[in-house]
Participant: 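Sending over a structure as structure tokens; questions will come in a sec.
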Amino acid sequence: MFKKILIANRGEIAVRIIRACKEMGIETVAVYSDVDRKALHVQMADEAYLLGLAPPLESYLNIDKIIEVTGKSKAEAIHPGYGFLAENYLFSKRCEDEKITFIGPNSKALRLVGDKLESRKTMTQVKIPIIPGMQMKGGNLKDFEEQAEKIGYPVMLKASAGGGGKGMRIIRSKEDLKSSVEAGMREAKSAFGDESVYLEKCVERPRHIEFQVLADNYGNAVHLFERECSIQRRHQKIIEETPSTALTPGLRAEMGKTAVKVIQTANYNNAGTVEFLLDENGKYYFLEVNARIQVEHPITEMVTGVDLVKSQIKIASGEKLPFSQEVLSQRGHAIECRIYAEDPENDFLPSFGKILFVNEPSGPGIRNDSGLYSGIEVAMHYDPILAKLICWGENRESARNRAVQALSDYAILGIKTQVNYLKDLLSHPEFAAGNTRTDFIPKNMSDWKEKMSREELKETALIAAAIQSMDETSTKGKMIEAAGFDPWISLGKWEIGA
Amino acid sequence: MFKKILIANRGEIAVRIIRACKEMGIETVAVYSDVDRKALHVQMADEAYLLGLAPPLESYLNIDKIIEVTGKSKAEAIHPGYGFLAENYLFSKRCEDEKITFIGPNSKALRLVGDKLESRKTMTQVKIPIIPGMQMKGGNLKDFEEQAEKIGYPVMLKASAGGGGKGMRIIRSKEDLKSSVEAGMREAKSAFGDESVYLEKCVERPRHIEFQVLADNYGNAVHLFERECSIQRRHQKIIEETPSTALTPGLRAEMGKTAVKVIQTANYNNAGTVEFLLDENGKYYFLEVNARIQVEHPITEMVTGVDLVKSQIKIASGEKLPFSQEVLSQRGHAIECRIYAEDPENDFLPSFGKILFVNEPSGPGIRNDSGLYSGIEVAMHYDPILAKLICWGENRESARNRAVQALSDYAILGIKTQVNYLKDLLSHPEFAAGNTRTDFIPKNMSDWKEKMSREELKETALIAAAIQSMDETSTKGKMIEAAGFDPWISLGKWEIGA
Amino acid sequence: MEFEFNLEDKLYKITIEKKGEVYFVDLGNSKKEVKVQTISPNCLSLSIDGHNQTAYLADAENKKFVFVQGEQFIIQEKESAKVRKKEDEAGLIDGKQLVFAPMPGRILKILVSEGEKVRKKQSLAIVEAMKMEHEIKSALDGIVKKVNFKENQMVDTEEPIMELEQEK
Amino acid sequence: MEFEFNLEDKLYKITIEKKGEVYFVDLGNSKKEVKVQTISPNCLSLSIDGHNQTAYLADAENKKFVFVQGEQFIIQEKESAKVRKKEDEAGLIDGKQLVFAPMPGRILKILVSEGEKVRKKQSLAIVEAMKMEHEIKSALDGIVKKVNFKENQMVDTEEPIMELEQEK
């Protein structure tokens, strides 16, 4: 097993990986950009190194610098987390050349599955069902226009190199094509350092179903069942759950087998996710392989009892899979809510700045993966994800109710978040009924504004504010920004004549 | 299902019960003594009523007052938690008379199992193995002396009415008998309002193994496997785990069957625990039934996936058991550490006062049941239990390592706790090897003092203190007690001339 | 004691009197009896007419952030409540349109230059924050009167990126 | 800057110099280079010779509570470090023995009275805290000179419950 691992990431996932390492007795090395000096992952690691300025290309995407720091810190392996360099085969290749273990798939498999177009080709050869669309990346605009016509609008624009909705857009008419393609390419470039994009037939009202897979370095592979990620805003997942309300045991088994076949066809190792679209007729299409630990991995951990990050590390260190498919099972139901620094009342525009105070929910069946603390600054340079609230329950209903309660306790003061939006979404009768398709949000939440209950909560808020102001004026001194959490100001009673 | 439940308890268990109710859509009523005005359970409940002064007899043991408040608040049921009135059959009888649902066993069963002596008789009749000892409570001292001689020293003194080590003592010689019996009676009186005690043969070097049982109101009963609670200080459990390293599948099944038989023999309903002693030869003896939700219930919840508190409420409301024995199974391993306000460096004397700051651990597989927050006062009138740290892992080793890590993050400043003692205990090779018997602590921890690592931690502490003092003097004002957490002092920068 | 708070562009008058433990709060349309436990400077445990509520609070400049049951409210004292110059339905201020960034960020592209004619829905600029791009489109047919920023400059939501004039 | 701290009855001299971001700390027996991020008034993130450590701190009167990796340390500034009158091996102070409560609590029983002879190991009083009873036994054969408390009174660990005198 490794003695020391470098985590080439930030935020909640870096924190989660560091925790796993500590429990395994592995030393950890954190890296950070200058705006992340006070980030939680930096505090928690045994060592931490500054990479550079905030822009990703100068820090978390800076391969040379990261390799240099790995050498300096004598780390034997690198865990890339998700996003940033996680699915960059050039980086994993570089690690291989430098004799550093990349905790993820081998660079050949990574290159194949990372190239959405290549993998589409390969998979058709072994009869994996795929969505009709371009077999190669688009060149000039004319090229895209022709292809779009051929496939027929609406079409889906996708980044060949990446996932997570980056660069992704539905294009409904020729007029939108130019700006969409250009913006998509820019987003793809800044997110993955590769601007290639392509078009696919847009499957209407699908469910997004993905299967978690683990494969060791000896050809053994198992799936850990599905995650349904149909609740998306602008192709960005915001709520995930498992099991899916749409799968019968039969369909689950069949899709699971297909997922394992995809992985083995690609000679893929370590943890991966095979994404499918499930259409209204129960027909499923292979979409792509996400060659990384995913944001939503905790819901799988909670229902299967398998620690995916520890499994990644063990597999990377050469261990065999400790279990076979038969012993794996799902218990209960888990739901993840992604908490973003966004303003749901203002078209979900990103919100950043200082978090004055945080109260994170806790209790039985509640897991909260976050990198937050009172006083932390949310930087504008990175993904707006702040935390992940994962709730487990004996069944879907109890998990859902638990999540609603937990969100009610999730206070993040100072910036805007979509906590109350998530709360209303989970409480929506259509969600409660399990009618979750990728059009859920346009269909059920487009007219969203705060519930009626709000009026009464408003009153409570006003009362609280007034009473606190009253008490403040009756004691000396006035509350200041980030009461009690501004590091540069010591707290104190103002003694007269002191 | 109930619309409103009153929780006749305090601290972490009251908080845990309130959480369960909220998730079930049930309104909650808290009760509190005057020193608990700011307790977490009071904040979390929908309504809260003052019972009286701090001494239990005037508040949490005050039956009339609690019944009165139940009526006033229109609560339909009372959850007694553990301790206080939980196993007082007079209280449950009173509830029955007042047409209030007591969330626990019926008063007849409660009376039987609550009377350790009666239940010993009953169980012998159905051939449940019991420990040789008195068949009736002791009267005068002479009586005890004779019985002790007859059983043969060492003998175990036990409160007939209670559990949790209250009133319990090993008596090794005639000399100690008088003071032990007297103290035991006083403790029993103040803990359970009943001073009867009795003597039993003291089984040497046993393991303490208990089985969790659920029984509905229709005669259906299942067990949820064992908990091993052998790690005890002065008969007080401090670390519990499940599964036990001592049980073979065969023995587990046999003891489980016996546990269910005990419950059915007593016509017992709702949640209960059947305690056994397992001696060095693998022979087991029935000890007693704990007729309440137990402190250590979370470890069972984590390995079985069953929410015991919600099950209690459902059973009390008349629902049938939703599962049969066959579908229940254990997954992974869970360990609970009880965090007490005690000073391990000073003979574990209780420590109380204001908690200046708390940092509670969190992360995958970590559950922390507590009623703590920064600034809370720990009162001397109640049990010194502050919190329960429960860690789940894929196996015993990963649960143990997780617990050690979590304890390292469990900062409770201002009072003494045994966090570092627990950490060392979990790290002890004998514990790691699973050699856990009730003599573990005298045998392995009696010479406990902080590890060698301490010197280096001392340095870190001194450096931190010095640097903070330096920064304080360089900013105006001085830190005051409970920096940032004394409610009566507002935080502020001292503005010159303000 | 009296307070005037601004919450979501509405003004609220609140009068409080404290008698012993109890705060008597008059919200105009309703009166409440409130008991309070101050748990920390950021947490009040309120009992409003006997019903418990926990509120989390934090202060910034002249704002109070208050969180109750999953929802955050931003409350300002009256005098400090800021108002932006009134716009008409078309979003015009005396025939001119000020183009603001939807959120603070970096200006990725300025797609028009001063004097240029623009059509409604034409892209004017692209602002980036948190790796997401936001295209700013023209709400009218008109002329670019003034461009206040260059590409790669940072912009907030208070300063207009450019000014358009409606075609006569 | 220099500090004198008292930790577990040991005195520590600590000298700190701050140059830019770095604190140079001299502990007498060892020198350290320390970088610090102040996360909150109760949390410092330290990098000591490149190795990260998180310390939680809180102040009370003249004490600092510091928590590092599962262990709490109570640090006092020298001048404020309190010393109780020196006892000899037998725990006697000029032939007298002061009997202290082991912890603050309520005196349940006083089992002896002034002038009474007591034997070594004889129970003198019972103190209760948190529902646990603690019997206080005599450490010597002697005579009860003075009893300072009555039953049911509260007692702390600073005031002696009674005074014993050793038998001549």
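It should be emphasised that the depicted structure is a prediction, and the values quoted were computed from it without experimental measurement. So you know, we letter chains A, B, ... as the sequences are listed, proteins then strands, and number each from 1.
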Participant: Considering only heavy atoms from C-beta outward, does the side chain of D/Gln37 approach that of A/Gln43 to under 4.5 Å?
Facilitator: no

Participant: Are there residues of residues 48-56 of chain D whose heavy atoms fall under 4.5 Å of chain A's heavy atoms? If so, which?
Facilitator: D/Gly50, D/His51, D/Asn52, D/Thr54

Participant: Would you please name every residue forming a side chain to side chain contact (heavy atoms under 4.5 Å, CB included) with A/Ser73, sequence neighbours left out?
Facilitator: A/Leu6, A/Val29, A/Glu47, A/Tyr49, A/Ala75

Participant: Atom OG of D/Ser40 and atom CD1 of A/Ile376: how far apart are they, to the nearest 0.5 Å?
Facilitator: 12.5 Å

Participant: Rounded to the nearest 0.5 Å, how far apart are NZ of A/Lys38 and SG of D/Cys43?
Facilitator: 10.0 Å

Participant: Report, as yes or no, whether the 6.0 Å neighbourhood of atom CD on D/Glu17 holds more than 12 heavy atoms from other residues, nucleotides or ligands.
Facilitator: no

Participant: How about NZ on D/Lys35, more than 12 heavy atoms from neighbouring residues, nucleotides or ligands closer than 6.0 Å, or not?
Facilitator: no

